[in-house]
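Contents: one structure, followed by commentary.
Along the sequence shown, the residues carry numbers beginning at 1. No experiment lies behind these values; they were computed from the predicted model shown.
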Amino acid sequence: AGGVDAGVDAKTLCKVQHRRAQALARLGRLEASLEAYREVKAALRLHAGVDAEIAGVVARLERSAGPAGGAADEAVSQAGLEKAAGAQAAAEAELCAAARETGAVTAAAAAAQATVVAAEAKDAAEAEAKRAAALAATRRAAAEAAAGEKAAAAAVVAAAKEKAERQAAELQAAVEKAKADKIAAEAEAARANADVAAAEARAAAAAAKVAEAAAAVAPEASTSAPRVLGSVPGNMQEAPGTAPAGGASLASTAAAESARLEGNAHFAARRYAAAVDAYSASLSAAPSAAAHSNRALALLQLARPSDAEADCRAALLLEPGHAKASLRLATALRDQGRLREAIKWYDAVVAALEGAAGGGGGGGGLAAVKAERAAAVAKLGACGAIVAAAATDEEPASALAPPAVAVSEKAAAVAVPAPEPAAGAVSEKAPTPARRTIVVEEDDSSDDDDSEAALASAPASGPPSIGTGAAPPPQPPASAPLTPALGSGAASHVAAAAKAAAAIDKLASKQPAPPHSALEFERACKLVASSPAVLSAYVRSVDPSEYPAIFKNALNGPAVASLASGLDAGLDGDGDGAAAEFAVRGLEAMTRVNRFAMVASMLTRHEKAAVGSLLGRLEATGRDVHALRKAFRM
């Protein structure tokens with residue numbers, strides 16, 4: 001029993017222990033047998049056969065304990081020993097058979113375990129294969145999706161590249177078109193400049209003829225032959241050589257004349273601030289009506305109408321009836337919004353020019369002054385009331401009442417539109433259209449007497465200077481002559497000057513072609529600014545719906561003012577209201593142009609006045625312009 005393999009299971013061991021207990025009982029070793037049965041009993045706990053055998057062993061122990069039972073037990077023990085030996089041999093055989101059975105079972109279990117392990121390995125291999133296949137499928141799908149996305153991205157890139165190339169081609173075409181438009185505009189400007197040069201040449205020729213005629217009809221001139229200043233750019237520059245008023249010395253007079261001529265040169269180059277400084281230096285050396293009048297003109301170009309007014313009144317103090325100072329005073333009053341006073345001064349200038357022309361109409365200069373007066377009347381909005389008030393009001397003599405403007409043989413001025421500067425010229429801000437004046441002058445022996453009489457009629461105090469804050473000077477009496485006594489050749493001089501002026505004025509009477517850009521529009525408006533009717537027709541030739549395409553990002557204050565002035569002029573004689581409707585459409589279209597809000601916030605007083613006049617006239621027709629006023633910040 002001790003040699004049984006330790007790997008035998010418990011059931012087999014229990015059987016072997018039972019056989020041992022039985023063998024010990026047969027051998028008579030009852031106590032050892034009883035001990036072995038107890039182990040079997042402990043393993044089996046409840047077994048009827050084992051319990052019976054234990055009871056037999058216990059009974060034998062009890063019998064063997066008596067004296068008579070010793071010999072019998074010994075005999076029995078010997079027989080039992082033999083029998084036990086046989087039983088032990090049988091038990092060992094059974095044990096060996098059980099061991100073999102146990103080995104077979106163990107081998108079967110091992111085989112089963114191997115089968116299970118093999119099955120598990122097979123399942124694991126199949127699962128791994130499936131996982132690998134799924135992973136491969138996932139990777140293939142991801143690769144296909146990536147390839148699709150790459151193809152889509154390539155298509156997007158190709159489309160974007162194609163679009164960029166198309167836009168670049170369009171931009172290049174636009175640049176080429178802009179260059180072509182610029183070249184065409186420059187060619188048109190060159191043609192216009194050539195026309196202006198030709199007109200100036202014709203004017204110079206006419207001026208020469210006037211000079212010759214003056215020399216022929218006034219051989220008794222004491223100082224110089226008649227002069228025609230037709231080549232000075234800008235509004236009615238004074239002729240060189242005009243003597244300053246007062247008792248200035250020869251040196252101061254020469255210094256004043258030199259400074260004034262320097263101012264004229266600055267004005268011709270459109271350096272208006274420098275011109276003001278030069279005229280101021282001339283006035284410091286020796287005051288003169290010419291320097292005051294010219295400085296007033298430069299101040300008007302700098303949008304300083306109040307200072308220009310002071311200079312004009314100073315010029316009229318030095319030379320009452322000075323035609324150019326009177327006209328510039330009217331312009332200064334108009335630019336300040338004092339339209340009633342401006343209209344009265346325009347009336348005085350018109351009357352003087354008509355008298356100088358001998359009732360022949362005064363030529364283009366008179367027409368231009370009348371046009372400015374009509375524009376002022378239209379802005380006031382009560383033409384009939386103003387004319388009646390001018391004829392009936394009895395106002396005391398004051399700075400508001402215009403003096404008589406006398407056009408003497410010494411100076412007869414004809415205002416005509418000035419030609420446009422060459423393209424690209426840089427100029428300072430000019431709120432009013434520039435004008436050129438052809439001045440016809442005759443000097444004779446009566447000049448000194450006229451100058452002394454003019455100074456004698458002026459107050460003792462000197463003319464005010466700009467920036468001193470002096471009050472406007474009093475005006476000459478209303479009895480000053482409106483119609484001068486013209487010399488025998490003056491009428492022919494004025495007629496020749498008017499003929500020369502008409503050649504220049506003709507340039508502004510042609511309506512330009514409709515614009516394709518903001519630059520073309522501004523150039524055309526500058527060319528026809530002196531003719532409200534032509535400006536109106538030109539503005540009305542452009543449909544308001546085209547404003548955004550024409551101006552794009554180039555809308556500015558002068559363009560807004562030109563549009564408003566043209567639309568305003570178109571309201572004259574608007575019987576059916578079509579012009580008013582067109583004007584409303586034009587204003588609304590301006591608000592839709594790029595950068596309009598910024599342009600509206602930066603309008604100058606002059607530009608706002610043009611828009612405000614148009615809005616006021618539209619309101620007078622019963623139209624609601626509240627939204628437009630808000631858009632234009634009025």
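- Interatomic distance, CZ of Phe521 versus CG of Leu555, reported as 9.5 Å (0.5 Å rounding).
- Taking all atoms of both residues into account, the shortest heavy-atom contact from Tyr538 to Ala513 is CE1-O, 3.3 Å.
- Taking every heavy atom of both residues into account, Ala610 and Ala561 meet most closely at CB-O, 4.0 Å.
- The environment of CD in Glu162 is sparse: at most 12 heavy-atom neighbours from other residues, nucleotides or ligands sit within 6.0 Å.
- Between the side chain of Thr115 and the backbone N or O of Ala111 there is at least one donor-acceptor pair closer than 3.5 Å.
- Of the possible donor and acceptor atoms, none in the side chain of Ser531 sits under 3.5 Å from a partner among the backbone N and O of Val528.
- Remark: Arg540 qualifies as a cation-pi partner of Phe582 under the 6.0 Å distance and 45° angle criteria applied to the six-membered ring.
- Atom OG of residue Ser517 and atom NZ of residue Lys177 lie 8.0 Å apart, to the nearest 0.5 angstrom.
- By the 4.5 Å heavy-atom criterion applied to side chains, Pro305 and Arg605 are counted as neighbours.
- A donor-acceptor contact shorter than 3.5 Å links the side chain of Thr138 to the backbone of Ala134.
- Closest heavy-atom contact between Arg523 and Ala189: NH1-CB, 4.2 Å.
- Using a 4.5 Å heavy-atom threshold, the side chains of Asp307 and Leu302 count as separate.
- Between Arg38 and Glu35 a salt bridge is recorded (basic side-chain N to carboxylate O distance below 4.0 Å).
- Note: Lys379 NZ to Leu614 CG = 11.0 Å, rounded to the nearest 0.5 Å.
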**Request:** Please report the C-alpha distance between Ser562 and Glu522 in whole Å, then the side-chain angles of each, then the deciding distance to 0.1 Å, and finally whether the side-chain contact (heavy atoms from CB on, under 4.5 Å) criterion is met.
**Result:** CA-CA 8 Å; Ser562 297; Glu522 290 184 32; over 6 Å; no
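- Judged by distance alone, with hydrogens and angles left aside, the side-chain atoms of Arg295 form no donor-acceptor pair with the main-chain N or O of Asp277 at under 3.5 Å.
- Tyr547 contributes atom OH, which lies 16.0 Å from atom CG of Asn594 (distance to the nearest 0.5 angstrom).
- When every heavy atom of Lys552 is checked against every heavy atom of Val593, the shortest pair comes out as O-CG1, 3.6 Å.
- Side-chain N/O atoms of Glu607 and Thr604 include a donor and acceptor closer than 3.5 Å.
- Note that OH of Tyr37 and NE2 of His18 are 4.5 Å apart. Values are rounded to the nearest 0.5 Å.
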**Stepwise side-chain contact (heavy atoms from CB on, under 4.5 Å) check, Arg139 with Leu135** = CA-CA 6 Å; Arg139 289 178 177 175; Leu135 181 60; 3.6 Å; yes
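- Counting heavy atoms from C-beta outward, Leu24 and Arg20 have side chains that approach closer than 4.5 Å.
- Of all heavy-atom pairs spanning Gln17 and Glu39, the tightest one is NE2-OE1, 2.6 Å.
- Side chains of Leu535 and Ser565 form a contact here, defined as non-hydrogen atoms less than 4.5 Å apart.
- Remark: side-chain polar atoms of Glu520 are paired, donor with acceptor, to backbone N or O of His516 under 3.5 angstrom.
- Taking 4.5 Å as the limit, every side-chain heavy atom of Asn556 sits out of range of all side-chain heavy atoms of Met602.
- Panel note: side chain Ser280, backbone Val276; a donor-acceptor pair is recorded below 3.5 Å.
- Looking only at side-chain heavy atoms (C-beta outward), Gln336 and Ser306 come within less than 4.5 Å of each other.
- In terms of modelled atom types and a separation under 3.5 Å, the side chain of Arg334 and the main chain of Leu339 share no donor-acceptor contact.
- A salt bridge is defined here as a Lys NZ or Arg NE, NH1 or NH2 lying under 4.0 Å from an Asp or Glu carboxylate O, and Arg131 with Glu128 meets this definition.
- By the 4.5 Å heavy-atom criterion applied to side chains, Glu31 and Val57 are not counted as neighbours.
- The nearest pair of heavy atoms linking Ala589 to Pro544 is CB-O, 3.1 Å.
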Contacts under 3.5 angstrom, residues 618-634 side chains, donor-acceptor by atom type, not counting sequence neighbours:
from   : atom 1 : to     : atom 2 : distance (Å)
Glu619 : OE1    : Arg629 : NH2    : 3.0
Glu619 : OE2    : Arg629 : NE     : 3.2
Thr621 : OG1    : Leu618 : O      : 2.5
Thr621 : OG1    : Arg623 : NH1    : 2.9
Arg623 : NE     : Glu581 : OE2    : 3.2
Arg623 : NH2    : Glu581 : OE2    : 3.0
Asp624 : OD1    : His626 : N      : 3.1

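- Residues Val611 and Lys608 form no side-chain contact, since every pair of their non-hydrogen atoms from C-beta on lies 4.5 Å or further apart.
- Within the model, atoms CG of Leu571 and CZ of Arg617 stand 4.5 Å from one another, a figure rounded to the nearest 0.5 Å.
- A salt bridge does not link Arg191 to Asp195: none of the charged nitrogens lies less than 4.0 Å from a carboxylate oxygen.
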